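Taking it in order: structure first as structure tokens, then the write-up.
Naming convention: chains lettered A, B, ... in sequence-line order (proteins, then strands); numbering from 1 in each chain. All figures in this text were calculated on a predicted structure; none of them were measured in a lab.
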Amino acid sequence: MKRIKYHAVVDSGLLDIFQTGIQRWYRQEGRDLPWRHTTDPYHILVSEILLHQTTVKTVEPVYRRFLERFPTVTDLANASLTEVKTITDPLGYKIRGQWLHQIAQAVVSQFSGVFPRTLEELLSLPGIGRYTAGAIMSFAFGYDAPILDTNVNRLIGRYFAIDYKDSSAETKHQLWSIAEAIVPSGQAREFNNALMDMGAMICTARKPKCLICPVAVGCAMLAEQPTRAAEERVQYRLRTE
DNA sequence: AAAGCGGGGTC
DNA sequence: GACCCAGCTTT
């Protein structure tokens, strides 16, 4: 079965500015966060689920508490749902405690305690969508997998002149396609972290800090002719797979 | 495509 | 009071 899809081809000059600027900035200004000291997929999973629509500052203490109480995926699988929820419910979106519990039990029973290493398998687990699957693939396993969270969505949308608030399938596909196209080979772990820090610290939702932005020179938001910018920045070409 | 889930923070 | 936060599932 042959499927036809479009994939993004980004202007090489703009891509170089973007990748180089962001990586250099990240090595200097990037945040030091607890889940960046590990590549354990279980730890990455816990951090990502807790971070759904929840600020880093709020999650940090809960993340530490959670892993202190449930150090391994087996510990979590054997725990009671009630105790799990005691830790996670105060964050809101209370279904997340159940998701983590179910995922842990699935990893133990269906995957023999070995964390799945493919997007397809990860996506089959409750509470793991396209973003979280990409995060585990890149942060835990180091694969060249793209991510698109609210930070990256906004950053890429602004830089490449895409209406990132539009929820249509076409727009979402374009943004994912760009997120995939810009990952530097073999460097997804660092690059994806850099993208999120840029979105969280520079390209913020309100009052973005364009004056100190390392990629402002290439950004469509600051371009002189924004209406023409889009088609000159990214092309979409057919791909058969 | 849009609603629902949610506590906590900012402006 | 409106908007935002390392999203996902259901309708």
field: Donor + acceptor pair across side chains of A:T38, A:D40 (<3.5 Å)
entry: no
query: Between A:Q235 and A:R237, is any side-chain donor less than 3.5 angstrom from a side-chain acceptor?
result: yes
- prompt: Once you round it to whole Å, what is the distance between P of C:dG7 and OH of A:Y164?
  reply: 14 Å
task: Round to a whole Å and report the spacing from CD of A:E190 to P of C:dA6.
output: 20 Å
field: Length of the line joining A:L148:CG and C:dC5:C1', which is rounded to integer Å
entry: 15 Å
statement: To the nearest angstrom, the CH2-C1' distance between A:W176 and C:dG7 comes to 10 Å
task: Looking at every strand, decide which applies to A:V152 at a 4.0 Å heavy-atom threshold: base, sugar-phosphate, or nothing.
output: nothing
- prompt: Atom NE2 of A:H173 and atom CD1 of A:I178: how far apart are they, to the nearest 0.5 Å?
  reply: 10.5 Å
Exercise: do A:D75 and A:T72 side chains pair donor with acceptor under 3.5 Å: yes
query: Should the pair A:H52 and A:W99 be assigned to parallel (<30°), tilted (30 to 60°) or perpendicular (>60°) ring geometry?
result: perpendicular
- prompt: Is A:S167 near enough to B:dA2 that one of its side-chain N or O atoms lies under 4.0 angstrom from OP1 or OP2?
  reply: yes
task: Examine the side chains of A:R189 and A:N192 and answer whether a donor and an acceptor come within less than 3.5 Å of each other.
output: no
field: Pairwise side-chain contact, A:L175 with A:F160, heavy-atom cut-off 4.5 Å (strictly under)
entry: no
query: In whole Å, what separates the C1' atom of B:dA1 from that of C:dA6?
result: 24 Å
- request: Would you mind classifying the nucleic acid contact of A:A135 as base, sugar-phosphate or nothing, using non-hydrogen atoms under 4.0 angstrom?
  value: nothing
Pairwise N/O distances under 3.5 Å, protein to nucleotides 8-11 of chain C:
| unit_1 | atom_1 | unit_2 | atom_2 | d |
| --- | --- | --- | --- | --- |
| C:dC8 | OP1 | A:G129 | N | 2.9 |
| C:dC8 | OP1 | A:G129 | O | 3.4 |
| C:dC8 | OP1 | A:T132 | N | 2.9 |
| C:dC8 | OP1 | A:T132 | OG1 | 2.7 |
| C:dC8 | OP2 | A:Y131 | N | 3.4 |
| C:dT9 | OP1 | A:G127 | N | 3.0 |

query: In whole angstroms, how far is the C1' atom of C:dA6 from the CG atom of A:L195?
result: 12 Å
message: Strictly below 4.0 Å: does A:R154 bring a side-chain N or O up to OP1 or OP2 of C:dC4?
response: no
task: Grab the NZ-P distance between A:K57 and B:dG8 for me, whole Å please.
output: 14 Å
field: Worked check of side-chain hydrogen bond (donor to acceptor under 3.5 Å, both in side chains) between A:T86 and A:E83
entry: CA-CA 5 Å; A:T86 300; A:E83 186 178 6; over 6 Å; no
- request: Determine the interatomic distance between P on B:dG6 and the same-named atom on C:dT11; round to the nearest Å.
  value: 15 Å
task: When you get a sec, tell me which of B:dG6, B:dA1, C:dA6 is the closest nucleotide to the side chain of A:S168?
output: B:dA1
- line: Per nearest nucleotide of DNA chain C, the residue lying toward the 5' end, A:R206 or A:Y93, is A:R206
task: Enumerate the residues from residues 29-50 of chain A whose closest heavy atom to DNA chain B is under 4.0 Å, giving them by residue number; use none for an empty result.
output: none
- prompt: Between A:T150 and C:dC5, is there a side-chain N or O to OP1/OP2 distance below 4.0 Å?
  reply: yes
task: Looking at every strand, decide which applies to A:A169 at a 4.0 Å heavy-atom threshold: base, sugar-phosphate, or nothing.
output: sugar-phosphate
message: I need the minimum non-hydrogen distance between A:G97 and A:V84, along with the two atoms involved.
response: O-CG1, 3.6 Å
- prompt: Is the distance between the ring centroids of A:F115 and A:F141 under 6.0 Å?
  reply: no
query: When the distance from CD of A:Q53 to C1' of B:dG4 is rounded to whole Å, what number comes out?
result: 12 Å
field: Along DNA chain B (nearest heavy atom to each residue), the more 5'-positioned of A:K207 and A:I95
entry: A:I95
- request: Measure from CG on A:N151 to P on C:dC4 and round the result to the nearest Å.
  value: 13 Å
